[in-house]
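Structure, as structure tokens:
Proteins get letters first, then strands, A, B, ... in listed order; numbering begins at 1 in each. As the structure is a prediction and not an experimental result, all values here were calculated from the model.
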2 protein chains.
Amino acid sequence: MDKTARIAIVERAKLFAGLPPETLSEAAETAQVRVVDKGDVVFRQGDEAGHHFIVAWGRLRLDQTTPDGKNIVLRFMGPGDLVGSVAVWRKVPYPATPLAVEETRLLVWSDARMMELMQAHPPLAMKAMNMMGGRIEELQERLQQVATQQVERRIAATILKIAGQSGRKTEAGVEIPFALSRQDLAEMTGTTLHTVSRTLSGWIDEGILEGRRSSHLVICRPHRLVEISEQA
Amino acid sequence: MDKTARIAIVERAKLFAGLPPETLSEAAETAQVRVVDKGDVVFRQGDEAGHHFIVAWGRLRLDQTTPDGKNIVLRFMGPGDLVGSVAVWRKVPYPATPLAVEETRLLVWSDARMMELMQAHPPLAMKAMNMMGGRIEELQERLQQVATQQVERRIAATILKIAGQSGRKTEAGVEIPFALSRQDLAEMTGTTLHTVSRTLSGWIDEGILEGRRSSHLVICRPHRLVEISEQA
DNA sequence: GGCGCGATTTGAGGTAACGCAAACCGTCTG
DNA sequence: CAGACGGTTTGCGTTACCTCAAATCGCGCC
């Protein structure tokens, strides 16, 4: 990947959005590139944290395993998203495992390099706090959902959020352009595979969704899903 | 409150921990002081965010109200904790309401002042990110708990966490030194007042806790609570 | 094409936790 | 001290969701 391509990626990353060209250029120059095959991980929960990553293209699923062996999906991440930084700044082991659900390319900076960049360009640090703040708000919202809403609403809201950040418009409706299993949805919403399957089956019967027994979900009637996600 | 007192508070705040005395002094000089009576709020969810607060003494409960009128308790905050900063940095309205559960004194900086401090003292920004990272990890842990564990475990874990950050040792055991209602615990663990009451009653019968029908909980057998919070 | 594997669907039964309702008890007020 | 009030306790019926179990289907592989 040449420098121009790297700059293009850096430009798109939320972390660098709106910063002056010199900053982008300097950031791009000091980045390494890393490719992760579908099914492989960028790093593992518990590894010592030493690098910041930005997704150039592809898609990651951020998993967290509990001491008693259960797994939850914290979020999906796509181009422009920042991976690993929280742990690096805190100097603690990575608290989760990002797994590539499709072939993914990332830009990589060492802890030291990123630190230099931040010292040299204070707005970078502000941006970073901004992004972390976004994560906090997102987590608070999800916590609130899991704590107070029933399963059907949570599943609807989760599908809508994913569609909002990764959906592609097609003739049939909004398509989620990667393999999102019922198990994934269960682990995002704090329920079981079976309950998700039942719920989706119902929605497919009602014509709200398409994607029976297969890979890619298509939302045919987003409006209905919104209603469900907001129903009292 | 004189300058020496303010410096002492600033010194204790995690945000400033370990920074050089000049920084502390400068921060302390530019701070305002604000007192909030028990039952009053520092600001309200939805207000425009313009100020950073650090708790000097006292205790706050951070509440979030959902569109459909439900309430959840995000966390309790005590001396040294940072309030409101996430929203200020993101330039979004405050996402939650901090309510004083006892008379509370805070140091206040305007957005602009804090920005100046951060620009002048880069380590401050690093500390801030560190703290935000801590919040993210805490939220991820709670999300995982609510999503995968059953109510009894969640209540046990929540009481232990609160005891860990605010508990005081007494002859009878570890006391939680402020009024923590069953309703509060319910709103922290994503369950109902009734279920919390039943669960605590059981534990009190078993001698794990004290505090029947009254203000301050005392943990008599922390070890048992830990077991419950980890039980398969 | 036949086989086997993993993901999904669907059924049936059980239960943790909710929702409603009533009683209870400190505490503050007049 | 009577009375009212807010937090708590407890009982009981209900239910949303889980758990266990089995059938079904798509897909890659030989």
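The backbone N or O of B:G190 lies less than 3.5 Å from a partner atom in the side chain of B:R154, making a donor-acceptor pair. With B:T148 contributing its side chain and B:Q144 its backbone, the two residues share a donor-acceptor pair below 3.5 Å.
A donor and an acceptor atom, one from each side chain of A:S110 and A:H51, are nowhere located under 3.5 Å apart. Under 3.5 Å, the side chains of B:E187 and B:Q183 contain a donor-acceptor pair of N or O atoms. A donor-acceptor contact under 3.5 angstrom links the side chains of A:T65 and A:N71, judged on distance only. Residues B:R59 and B:T104 bring no donor and acceptor atom of their side chains to less than 3.5 Å of each other.
Phosphate proximity of C:dT10 to A:R212: present, with a side-chain N or O under 4.0 Å from OP1 or OP2. Here A:T191 reaches the OP1 or OP2 of D:dC18: one of its side-chain N or O atoms lies under 4.0 Å away. Checking the phosphate oxygens (OP1, OP2) of D:dC18, a side-chain nitrogen or oxygen of A:T192 falls inside 4.0 Å. When the side-chain nitrogen and oxygen atoms of A:S181 are compared with OP1 and OP2 of C:dA7, none of them lie within a distance under 4.0 Å. Regarding contacts with the backbone of D:dT9, a side-chain N or O of B:R182 is found under 4.0 angstrom from either OP1 or OP2. Taking only side-chain nitrogens and oxygens, B:S201 comes nearer than 4.0 Å to OP1 or OP2 of D:dT10.
Atom-to-atom, CG of A:L193 to P of D:dT19 comes out at 11 Å; the value is rounded to the nearest Å. At whole-Å resolution of the value, CH2 in A:W203 and P in C:dT8 are 16 Å apart. Residue A:K70 contributes atom NZ, which lies 11 Å from atom P of D:dC18 at whole-angstrom precision.
Position along DNA chain D of the nearest nucleotide to B:V196 versus A:Q150 favours B:V196 as the more 5'-ward residue. Mapping A:H194 and A:R154 onto DNA chain D via the closest heavy atom, the residue that lands nearer the 5' end is A:R154.
End-to-end axis angle for the helix from C:dG1-D:dC30 to C:dG30-D:dC1, using five pairs per end and rounding to 10°, comes out at 30°.
In this model, a side-chain donor or acceptor of B:R198 finds a partner on the base of C:dG19 within 3.5 Å.
Note on ring orientation: taking the six-membered ring where Trp is involved, the planes of B:Y94 and B:F43 are parallel (angle under 30°, cut-offs 30° and 60°).
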